[in-house]
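Working notes, structure below.
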Number of protein chains: 2
Amino acid sequence: MGRGKIVIRRIDNSTSRQVTFSKRRNGIFKKAKELGILCDAEVGLVIFSSTGRLYEYASSSMKSVIDRYGRAKEEQQLVANPNSELKYEAKLFK
Amino acid sequence: MGRGKIVIRRIDNSTSRQVTFSKRRNGIFKKAKELGILCDAEVGLVIFSSTGRLYEYASSSMKSVIDRYGRAKEEQQLVANPNSELKYEAKLFK
DNA sequence: ATTACTATGTATAAACA
DNA sequence: TTGTTTATACATAGTAA
């Protein structure tokens, strides 16, 4: 999206990579905010730059998102493998 | 981006909201992937729809992202409040 | 490291299949 | 509802400051 079409591969030049990172990071954060508002969704976005710096956005709070994520993954586990909800002893004697 | 300009506020009509959610969710996931590749960044994106369904993307793994996030936040704490790295007892007698 | 410009590529709103 | 179409709005690559 710009003066020329680009191929999606790692940008070798570190200055260009940094500039692109800044621009696209702003863009994706904007998109994340819009999605949360327009669609009434809870959104959490974590980005570590190649230099290791953390950037984050959460429509609620990151703690809320991560906690909810953990609970949702547990539920997925239960759906995928219903027996796992039984305690170890219960399974032994099932 | 489309036939008409829109205001960023919750979409009342639930069918429209769902359609917009699908389209924009695809869009933001694509952006997240591109950012990770182009800029050599580690990216984690978690989205809960208004119906509570989880959608996720991580350039590495979500566990890696969340763990790294936790460590980065700890570091931020230490930078913001250097004394907190001292143990409680040490602080008492500082 | 940001910011500005702007031509061009992309995402998507609305409509409809 | 789930996918096309397409006109339009938006994001951004290249560049310079």
Side-chain angles (χ1 to χ4, degrees), chain A residues 1-60 62 65 72 75-76 79, chain B residues 1-60 62 65 68-69 71-73 75-80 82:
Chain A
M1 314 145 185
R3 292 303 180 78
K5 187 168 186 166
I6 60 161
V7 174
I8 304 301
R9 67 184 297 285
R10 182 175 188 281
I11 297 167
D12 287 323
N13 181 278
S14 92
T15 302
S16 305
R17 191 168 63 240
Q18 171 57 37
V19 171
T20 294
F21 180 72
S22 289
K23 290 177 177 178
R24 282 178 172 258
R25 173 168 43 81
N26 288 337
I28 198 170
F29 277 128
K30 184 180 179 191
K31 293 284 191 186
K33 289 171 194 169
E34 291 180 349
L35 183 65
I37 294 169
L38 288 170
C39 303
D40 200 23
E42 186 171 17
V43 179
L45 176 57
V46 171
I47 303 174
F48 289 96
S49 73
S50 60
T51 59
R53 187 163 169 186
L54 168 66
Y55 299 86
E56 62 176 303
Y57 168 75
S59 60
S60 49
M62 197 56 78
V65 170
E75 271 183 43
Q76 286 181 4
V79 170
Chain B
M1 313 147 180
R3 292 300 181 80
K5 187 169 185 165
I6 60 162
V7 174
I8 303 301
R9 65 183 299 285
R10 182 176 187 279
I11 297 167
D12 287 323
N13 182 278
S14 92
T15 301
S16 303
R17 192 169 60 242
Q18 170 57 37
V19 170
T20 294
F21 180 74
S22 289
K23 289 178 178 178
R24 281 178 173 258
R25 175 168 42 81
N26 288 336
I28 198 170
F29 277 127
K30 184 179 178 192
K31 292 284 191 186
K33 289 171 195 170
E34 291 180 350
L35 183 66
I37 295 169
L38 288 169
C39 304
D40 201 23
E42 186 171 18
V43 179
L45 176 57
V46 171
I47 303 174
F48 289 97
S49 72
S50 59
T51 59
R53 188 162 169 186
L54 168 65
Y55 299 86
E56 63 178 301
Y57 168 74
S59 59
S60 48
M62 197 56 77
V65 170
R68 190 176 178 184
Y69 176 81
R71 291 195 300 276
K73 294 304 274 189
E75 270 183 45
Q76 287 182 3
Q77 287 290 329
L78 294 183
V79 170

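Numbered from 1 within each chain, the chains take letters A, B, ... in sequence-line order. Here the structure is a predicted model, which is why all the values come from computation and not from measurement.
Within the nucleic acid shown, B:Thr20 comes within 4.0 Å of sugar-phosphate atoms alone, with no base atom in reach, counting heavy atoms only. Counting any heavy atom pair closer than 4.0 Å across all strands shown, A:Ser16 reaches no nucleic acid atom. Among the atoms of the strands shown, base atoms are found under 4.0 Å from some heavy atom of B:Lys23.
The distance between atom CG of A:Asn26 and atom C1' of D:dA13, rounded to the nearest whole Å, is 15 Å. What separates CG of B:Asp12 from P of C:dA13 is a distance of 15 Å, to the nearest Å. The nearest whole Å value for the distance from the CZ atom in A:Arg17 to the P atom in D:dT12 is 18 Å. Between the P atom of D:dT2 and the CZ atom of B:Arg25 lies a distance of 11 Å, rounded to the nearest Å. Rounded to whole angstrom, the span from the CZ atom of B:Phe21 across to the P atom of D:dT1 amounts to 13 Å. Between the P atom of C:dT10 and the CZ atom of B:Arg24 lies a distance of 18 Å, rounded to the nearest Å. Distance, B:Ile28 CD1 to C:dA11 P: 12 Å, rounded to whole Å. Per the geometry, CD1 belonging to A:Ile11 stands 8 Å off P belonging to D:dG14, to the nearest Å.
Rounded to the nearest 0.5 angstrom, B:Tyr69 OH and A:Met62 CE are separated by 5.0 Å. Residue B:Lys30 holds its NZ atom at 13.5 Å from CD1 of B:Ile28, rounded to the nearest 0.5 Å. Here B:Ser59 contributes atom OG and B:Glu34 contributes atom CD; the two are 13.5 Å apart, rounded to the nearest 0.5 Å. Here the CD1 atom belonging to A:Ile11 is positioned 8.5 Å from the CD1 atom belonging to A:Ile8, to the nearest 0.5 angstrom.
Comparing the helix axis at one end of the helix from C:dT2-D:dA17 to C:dA17-D:dT2 with that at the other, each defined from 5 consecutive pairs, gives an inter-axis angle of 50° (nearest 10°).
Listed nucleotides C:dA11, D:dA13, C:dA14 differ in distance to B:Lys31; the shortest reach to its side chain belongs to C:dA11. Distances from the side chain of B:Gln18 to the nucleotides D:dT1, D:dA9, C:dA1 place D:dT1 closest. Checked against C:dT12, C:dT10, D:dA13, the side chain of A:Met1 finds its nearest nucleotide in C:dT10. The listed nucleotides are C:dA14, D:dC10, D:dG14; the one nearest the side chain of A:Ile6 is D:dG14.
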For residues 36-48 of chain B, which side-chain donor-acceptor pairs fall under 3.5 Å, sequence neighbours excluded?
unit_1  : atom_1 : unit_2  : atom_2 : d
B:Asp40 : OD2    : A:Arg10 : NE     : 3.3
B:Glu42 : OE1    : B:Arg68 : NH1    : 2.7
B:Glu42 : OE2    : B:Ser60 : OG     : 2.5
B:Glu42 : OE2    : B:Ser64 : OG     : 2.6

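In this model, a side-chain donor or acceptor of A:Arg3 finds a partner on the base of C:dT6 within 3.5 Å.
In the model, A:Gln18 has no side-chain atom that pairs as donor or acceptor with a side-chain atom of A:Ser14 under 3.5 Å.
A pairwise comparison of heavy atoms in B:Leu35 and A:Arg24 identifies CD1-CB, 3.7 Å as the closest pair.
Ranked by how close their nearest DNA chain C nucleotide is to the 5' end, A:Arg53 and B:Gly2 are led by A:Arg53.
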